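Excluded from the calculations below are hydrogen atoms, water molecules and symmetry mates; all remaining heavy atoms, backbone and side chain alike, are included. Since the structure is predicted, the reported quantities are computational estimates derived from the model, not experimental observations.
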Amino acid sequence: MIHSQKNCIIIHGCEYDQENAIQLTQRTAENHWTMWIKEELIKESIMADAPLMPFSWAPDYEKFKTKLQQYDVNEKTILVGHSCACAFLVRWLGESQRSIAKLILVAPWKIANKDDSGRVSFYTYDIDTAITKRVEDIVIFTADDESEDGKKSVEIFHDALGGRVIELTGKGHYRTSELGTSTFPELLHEIMR
């Protein structure tokens with residue numbers, strides 16, 4: 001089936017703990033640039049979704065997968081992930097063998113705290129390098145002041161998938177507190193490209 005409508009699905013990063021996930025003012029899904037991007041895309045007549053991922057303070061691949069499979073992901077889809085969501089999306093693309101238009105990883109993360117068995121399970125998998133044959137464009141956003149594990153994660157994903165790495169100055173892990181705003185025009189530009 002050929003799909004004519006471009007769409008974008010934005011997957012938010014993981015919460016530090018359950019308390020943050022409950023407080024709307026703290027929740028990652030609403031507190032960073034996710035909702036701004038969604039609204040801007042809708043203004044441009046691009047179908048956009050930013051689902052609230054289940055139990056994001058204790059990320060579980062199967063639960064995330066069940067949520068994503070409620071959406072139409074096809075050859076016109078742009079998938080955007082922030083932080084832990086990048087690990088999820090790359091694993092899902094490898095397992096599902098899905099073809100998409102673009103994959104954008106923002107401050108990707110693939111290194112688990114060894115004391116957290118749930119996150120070890122979430123992050124530990126081999127990246128399917130054949131994803132590059134099914135994804136037209138891969139973009140990775142990082143920052144010059146990202147943490148060491150964040151920089152290592154970028155390296156892991158880039159070594160496996162290639163793509164363009166965009167390093168911005170002073171953006172940290174791309175949270176509102178580091179950006180100083182909930183807007184992210186550089187990401188919007190890459191989605192619209």
Inset, instruction - Please say whether the positively charged group of Lys63, taken as NZ for Lys or CZ for Arg, lies over the ring of Phe88, i.e. under 6.0 angstrom from the six-membered ring centre and within 45 degrees of the axis. - result: no
Inset, instruction - Would you confirm whether the ring centroid of Phe184 sits within less than 6.0 angstrom of the ring centroid of Phe141? - result: yes
Legend entry - Distance, nearest 0.5 Å, that separates CE of Met47 from NZ of Lys38: 11.0 Å
Inset, instruction - Mind checking disulfide bond (SG atoms under 2.5 Å apart) for Cys8 and listing every partner two or more places apart, or none if nothing turns up? - result: none
Inset, instruction - Looking only at non-hydrogen atoms, find the nearest pair between Gly81 and Cys86 and report the distance. - result: O-SG, 3.2 Å
Inset, instruction - Kindly indicate, with the supporting measurements, whether the criterion side-chain contact (heavy atoms from CB on, under 4.5 Å) is fulfilled by Trp33 and Leu188. - result: CA-CA 10 Å; Trp33 40 264; Leu188 183 63; over 6 Å; no
Legend entry - Rounded distance (nearest 0.5 Å) linking atom CD of Glu40 with atom CD1 of Ile191: 10.5 Å
Inset, instruction - Kindly determine whether Met192 and Leu41 satisfy side-chain contact (heavy atoms from CB on, under 4.5 Å), including the steps that lead there. - result: CA-CA 8 Å; Met192 301 296 292; Leu41 292 173; 3.8 Å; yes
Legend entry - Transitive ILVMFWY side-chain link Phe64 to Val120, under 4.5 Å: no
Inset, instruction - State, without any angle test, whether Glu186 and Tyr174 hold a side-chain donor-acceptor pair at a distance under 3.5 Å. - result: no
Inset, instruction - List in chain and number order the residues that pass salt bridge (Lys or Arg N to Asp or Glu O under 4.0 Å) with Asp145, two or more places apart in sequence or in another chain; answer none if no residue qualifies. - result: none
Inset, instruction - Give a yes or no answer on whether the side chain of Asp60 reaches the backbone of Phe55 with a donor-acceptor pair at less than 3.5 Å. - result: no
Legend entry - Passing option when Asp128 is tested against Arg134, Glu95, Lys133 for side chain to side chain contact (heavy atoms under 4.5 Å, CB included): Arg134
Inset, instruction - Report yes if the side chains of Pro51 and Ile9 come closer than 4.5 Å at any heavy-atom pair, otherwise no. - result: yes
Inset, instruction - Specify the closest pair of heavy atoms between Ser56 and Arg119, including all atoms of both residues, with the distance to one decimal. - result: O-NH2, 4.2 Å
Inset, instruction - Kindly give the heavy-atom pair with the smallest separation between Ile131 and Val90, and that separation in Å. - result: CD1-O, 3.3 Å
Inset, instruction - Mark yes or no for whether Asn74, through its side chain, and Lys76, through its backbone, hold a donor-acceptor pair below 3.5 Å. - result: yes
Inset, instruction - Measure from the side-chain N and O atoms of Thr183 to the backbone N and O of Pro185, and report whether any donor-acceptor pair falls under 3.5 Å. - result: no
Legend entry - N/O donor-acceptor pair under 3.5 Å between His12 side chain and Ala50 backbone: no
Inset, instruction - Measure the spacing between CH2 of Trp109 and SG of Cys14 and express it to the nearest 0.5 Å. - result: 11.5 Å
Legend entry - Separation of His189 NE2 from Ile166 CD1 (nearest 0.5 Å): 7.5 Å
Legend entry - Phe122 to Ala87 - nearest heavy-atom pair and separation: CE2-CB, 4.4 Å
Legend entry - Sidechain-backbone polar pair: Lys110 side chain, Tyr123 backbone, donor-acceptor under 3.5 Å: yes
Legend entry - Where at least one partner belongs to residues 146-166, residue pairs that pass side chain to side chain donor-acceptor pair (under 3.5 Å), sequence neighbours excluded: Asp137-Arg164, Glu146-His173, Arg164-Glu190
Legend entry - Inter-residue atom distance Gln5.CD - Ser45.OG, 0.5 Å rounding: 8.0 Å
Legend entry - Pairwise side-chain contact, Trp92 with Val73, heavy-atom cut-off 4.5 Å (strictly under): yes
Legend entry - Spatial distance of atom CG (Leu103) from atom CG (Leu89) [nearest 0.5 Å]: 6.5 Å
Inset, instruction - For atom OH of Tyr125, decide whether the heavy atoms of other residues, nucleotides or ligands shown that lie under 6.0 angstrom number more than 12. - result: yes
Legend entry - Nearest heavy atoms of Asn7 and Ile46, plus distance in Å: CA-CG2, 4.3 Å
Inset, instruction - Could you tell me which non-hydrogen atom of Thr132 sits nearest to which non-hydrogen atom of Leu161, and how far apart they are? - result: CG2-O, 3.1 Å
